[in-house]
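None of these values were measured; they are calculated from a predicted model.
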Amino acid sequence: MNSAKHTELISVLKEWGMKEDNIGFREAVIALRNYLSVKPNDKADKCLFGDIALCATDYNFYTAAELEAMRKYLAVCKKHFKGMKFNVRILADTGFKKELIAIAEPGRVMWELSGIDMPSAEAVAAEISKMADIKIKAK
């Protein structure tokens, strides 16, 4: 978890009237989701288009720039793994501090992959996790 992101989120929530100081990042993201009235997607935890889902393992929020960097990495992987295809399932569509963000919950499908095997998908998930300082898993 990015501590700068956590500090920024806590300061914004305080501006919005949150009284509690010592909450963790997970609770802060849930408070953000509730404040922005973001409703969970019913189909967010199901693989709809591909064979393998890359899912969030904890609460987090991502800016459009962070999601684009992850998408570009998947495009590079697509060249490396012949026949790999991916579908983006998470979009930055919620306004927060003059930029768009996406809020991910545990189990939320962020990308779907097809055309590669599970060990390769797990390697891709591990690399994205390291690159973006997030926790995702292939399932």
Side-chain angles (χ1 to χ4, degrees):
M1 183 224 28
N2 188 338
S3 62
K5 210 175 191 183
H6 183 210
T7 304
E8 177 186 8
L9 181 55
I10 294 296
S11 68
V12 169
L13 290 173
K14 281 183 183 178
E15 288 174 21
W16 292 344
M18 186 185 77
K19 307 237 183 312
E20 220 173 310
D21 285 338
N22 297 328
I23 66 170
F25 186 70
R26 181 179 197 274
E27 291 79 17
V29 172
I30 293 170
L32 173 66
R33 182 196 66 195
N34 293 340
Y35 185 83
L36 295 173
S37 301
V38 175
K39 294 185 173 55
N41 185 340
D42 293 343
K43 297 178 182 172
D45 62 345
K46 295 174 179 62
C47 199
L48 301 176
F49 306 108
D51 304 320
I52 299 169
L54 298 182
C55 302
T57 60
D58 203 0
Y59 285 89
N60 207 337
F61 72 96
Y62 307 101
T63 64
E66 289 172 323
L67 291 173
E68 179 62 14
M70 293 179 238
R71 188 202 62 78
K72 285 181 179 178
Y73 178 75
L74 284 171
V76 169
C77 288
K78 187 176 173 181
K79 292 178 183 175
H80 179 71
F81 296 107
K82 300 293 181 206
M84 178 183 137
K85 295 180 183 175
F86 71 92
N87 294 310
V88 177
R89 288 279 309 279
I90 188 165
L91 300 172
D93 59 358
T94 303
F96 173 68
K97 287 193 70 172
K98 298 182 182 176
E99 64 181 324
L100 293 175
I101 64 166
I103 297 175
E105 301 177 357
R108 168 78 157 95
V109 175
M110 298 175 69
W111 302 278
E112 293 183 16
L113 306 177
S114 59
I116 63 172
D117 58 1
M118 184 57 90
S120 299
E122 288 169 348
V124 169
E127 196 59 38
I128 290 174
S129 293
K130 280 193 288 187
M131 178 187 79
D133 193 26
I134 63 172
K135 294 178 182 171
I136 61 172
K137 67 176 180 177
K139 70 173 192 174

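- Once rounded to the nearest 0.5 Å, the distance linking CG of Asn60 with CD1 of Ile136 reads 11.5 Å.
- Under the rule for a side chain to side chain donor-acceptor pair (under 3.5 Å), the partners of Asp117 that lie at least two apart in sequence or sit in another chain are Ser120.
- Between atom CZ of residue Arg26 and atom CD of residue Glu105 there is a gap of 9.5 Å, rounded to the nearest 0.5 Å.
- Rounded to the nearest 0.5 angstrom, Met110 CE and Tyr62 OH are separated by 4.5 Å.
- Shown here for Ile52 and Ile116, the closest heavy-atom pair between the two residues is CD1-O, 3.6 Å.
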Please assess Leu74 against Met84 for the test side-chain contact (heavy atoms from CB on, under 4.5 Å), listing each intermediate value before the final yes or no.
-> CA-CA 9 Å; Leu74 284 171; Met84 178 183 137; 4.1 Å; yes
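- Listed by chain and number, the residues in a side chain to side chain contact (heavy atoms under 4.5 Å, CB included) with Asp51 are Ser114 (sequence neighbours excluded).
- To the nearest 0.5 Å, atoms CE (Met70) and OG (Ser129) are separated by 9.5 Å.
- Between Lys82 and Lys79, the shortest heavy-atom contact is NZ-O, 3.2 Å.
- In this structure a side-chain-to-backbone donor-acceptor pair under 3.5 Å is present from Glu112 to Leu48.
- Annotation: ring pair (Phe, Tyr, Trp, His ring centres under 6.0 Å) contacts of Phe61 (sequence neighbours excluded): Phe96.
- Scored by the side chain to side chain contact (heavy atoms under 4.5 Å, CB included) test, Tyr73 finds Cys77, Val124, Glu127, Ile128, Met131 as partners (sequence neighbours excluded).
- In the hydrophobic clustering of this structure, Ile103 does not group with Leu100; members are Ile, Leu, Val, Met, Phe, Trp, Tyr whose side-chain heavy atoms approach within less than 4.5 Å, directly or through other members.
- Distance alone, capped at 3.5 Å, is enough to place a donor-acceptor pair between the Arg108 side chain and the Arg89 backbone.
- By the salt bridge (charged side-chain N to carboxylate O under 4.0 Å, His left out) test, Glu27 is found to be paired with no residue, residues two or more places apart in sequence or in another chain being considered.
- For Ala102 against Ile90, the heavy-atom pair with the smallest separation is CB-CG1, 3.7 Å.
- Under the rule for a side chain to side chain contact (heavy atoms under 4.5 Å, CB included), the partners of Leu91 that lie at least two apart in sequence or sit in another chain are Val88.
- In this structure the side chain of Thr57 never reaches within 4.5 angstrom of the side chain of Pro106, judged on heavy atoms.
- When all heavy atoms are compared, the tightest approach of Ala138 to Ala125 is N-CB, 4.1 Å.
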